[in-house]
Amino acid sequence: MPEMPEAGGAPRRIDELPTPALLVDVDRLEANLRTMAERCARLGVSLRPHVKTHKCVEIAERQRALGPPEPSTGRDGGAGITVSTPEEARLFADHGFEDITWAFPVIPGRLDEAVAIAERATLRLVIDSPEALAAVAATGHPFHVWLKVDCGYHRAGVDPEGQVALELARALAGSERLIFDGILSHSGHAYGARSRDEAARIAEQERAVMVALAERLRGAGIAVPGVSVGSTPAMAAVRRLDGVTEARPGNYAYYDFTQVTIGSCTPRDCALTVLSTVVSHQPGAGHAVCDAGALALSKDPGPTRDEQGRPTTWGEIYEDYEAGTLHPDLRLASLSQEHGVLSAPAPVGARLRILPNHSCLTAACFDRVHAVSGDRVVGVWTVHRGR
Ligand SMILES: Cc1ncc(COP(=O)(O)O)c(C=O)c1O
């Protein structure tokens, strides 16, 4: 029987926590944050972490503390943070983060919120169309604006060789009110890499595309102050970043099974797990059921496929979390809303630590994350899930 928490007290050990529960191992988290900060310093770029991965003030504060001192105040400040929603921007501004990039194509109907935030923090916006530029200009606010560039991911961003890139950059740089921050890309296609070398090639492709565009714009008389790149697989593998000024990885704080398969990290680096209990197993059945379904893990199929093209796992199970070993034949074979179907029998009552396919989506399934060190619970942090 697990020990019960003291009456009225918060759980102090992992085995006292009700499940499903989200856990972050603070020792691994801090090591991941430090390693990326050191890598960026070595590569000569500022680190502007994407906080959408964790949506936690406590983690963003740790990321900020690793940044170089701000020249004006001498306070630890780094290069600011990256967010994906106006609500994240508002929340982090409320907690004293003064330099925030909303790295999502602006949502015209939410620019009034952006203006309110920009009155108390530097809020940098991202555009990739004349319509978005017109909407930002129409606010009358002297926003900092990045031009989003498609570096090969083909999701959003202007064609780096096209005319629109030149026209938008010229309009931004020539604007009387807006401040042109430079060009920004996200190498999301590095998630398709199946090795660190492949991810390194994509990182170099992103760098080359962005530096070539910066040179083209400068050749046309347009000053390009910043070149901002990044995704976790690219930043875990990248070898050089000449010509780039900042990087915006997010997932590296936690890592996950997808990053393990790419080679960005090993299971010993993964900081985020879902604690779950086996709740059903029938005699003779080849499977069991646990209490972590799609609403605890998200339904990200991950990168691995069987011969029929079906996902091979919806979540891996640690055999030994501290040693970083994954169970060879127990994993999540399918997910319903609250049920997780395990690929092999397991005893009812057993507690599992699940390594999710995609930690950012998993973290956003929970209102709070339990900070743990070894088997101790050392804090409970709010996951600010608002949009
Ligand atoms: C614009 C942008 N920048 C940076 C990131 C961070 O990428 P990752 O989580 O792979 O580090 C993302 C993630 O989706 C993004 O959309």
Side-chain angles (χ1 to χ4, degrees), residues 29 32-33 35-37 39-40 43 45-56 59-60 63 79-86 88-89 100-107 123-128 132 145-158 181-193 196 198-200 202-203 206-207 209-210 226-238 241 244-265 269-272 298 300 302-303 356-364 387:
L29 168 77
N32 294 343
L33 302 187
T35 302
M36 186 59 80
R39 180 173 302 139
C40 286
L43 291 162
V45 297
S46 306
L47 173 58
R48 182 183 283 275
H50 206 318
V51 300
K52 81 182 170 79
T53 297
H54 51 76
K55 302 172 189 284
C56 279
I59 299 179
Q63 291 173 311
I81 57 168
T82 308
V83 301
S84 51
T85 69
E88 283 172 16
I100 301 171
T101 299
W102 176 20
F104 192 85
V106 291
I107 307 172
L123 182 64
R124 303 173 193 275
L125 304 182
V126 168
I127 62 115
D128 65 1
V145 184
W146 290 95
L147 175 62
K148 169 109 186 190
V149 178
D150 179 6
C151 69
Y153 184 27
H154 306 322
R155 183 175 69 180
V158 295
D181 275 353
I183 55 177
L184 173 148
S185 60
H186 168 55
S187 45
H189 51 316
Y191 279 84
R196 216 181 161 90
E198 211 185 319
I202 293 171
E206 176 179 34
R207 188 198 73 80
V209 165
M210 295 301 278
V227 177
S228 176
V229 301
S231 64
T232 289
M235 284 306 296
V238 69
L241 279 175
V244 170
T245 58
E246 72 166 25
R248 309 178 322 278
N251 180 279
Y252 75 97
Y254 288 157
Y255 288 125
D256 52 31
F257 186 58
T258 298
Q259 301 290 350
V260 170
T261 62
I262 297 170
S264 309
C265 65
D269 302 310
C270 295
L272 193 85
S298 87
D300 190 303
N357 280 340
H358 189 168
S359 61
C360 311
L361 291 183
T362 299
R387 309 169 73 84

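Everything quoted here is computed from the prediction, not taken from an experiment. Counting starts at 1 for both ligands and their atoms, following the listed order.
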4.0 Å heavy-atom contact, Met235 with ligand 1: no

Taking only heavy atoms of Asn251 into account, list the atoms of ligand 1 that are under 4.0 Å away from them. 8 (P), 9 (O), 11 (O)

Could you tell me whether a side-chain N or O of Gln63 sits under 3.5 Å from a main-chain N or O of Leu33, the two making a donor and an acceptor? no

Cut-off 3.5 Å, side chains only: do Arg248 and Thr101 have a donor facing an acceptor? no

Should Arg48 and Ser228 count as side-chain neighbours, where that means a heavy-atom distance under 4.5 Å? no

Polar proximity ligand 1 side, Thr232 side, N/O cut 3.5 Å exclusive: yes

Any donor-acceptor pair under 3.5 Å linking the side chain of Thr53 with the backbone of Gly250? yes

Report the part of Arg248 in contact with ligand 1, treating N, CA, C, O as backbone and CB onward as side chain, heavy atoms under 4.0 Å; options are side chain, backbone, both, neither. both

Which pair of heavy atoms, one from Pro49 and one from Tyr252, lies closest together, and at what distance? CB-OH, 3.5 Å

For Asp300, all residues meeting side-chain hydrogen bond (donor to acceptor under 3.5 Å, both in side chains), sequence neighbours excluded: His358

Quick one: nearest non-hydrogen protein atom to atom 1 (C) of ligand 1, plus distance? Ala103 O, 3.5 Å

What is the closest protein heavy atom to atom 13 (C) of ligand 1, and at what distance does it sit? Lys52 CE, 3.1 Å

Write out the residue and atom name of the closest protein heavy atom to atom 12 (C) of ligand 1, then the distance separating them to 0.1 Å. His186 CE1, 3.3 Å

Does ligand 1 come near enough to Tyr252 that some N or O of the ligand is less than 3.5 Å from an N or O of the residue? no

I need the contact type for Tyr191 against ligand 1. Using non-hydrogen atoms and a strict under-4.0 Å cut-off, is it side chain, backbone, both or neither? side chain

Less than 3.5 Å between some nitrogen or oxygen of Gly250 and one of ligand 1, yes or no? yes

Do side-chain atoms of Asn251 reach the backbone of Ser231 as a donor and acceptor pair under 3.5 angstrom? no

Relative to the heavy atoms of Pro249, which atoms of ligand 1 are at a distance of less than 4.0 Å? 11 (O)

Between Arg155 and ligand 1, which part of the residue brings a heavy atom under 4.0 Å of the ligand: side chain, backbone, both or neither? side chain

Strictly distance-based, threshold 3.5 Å: is any side-chain N or O of Arg124 a donor or acceptor partner for the main-chain N or O of Ile100? no

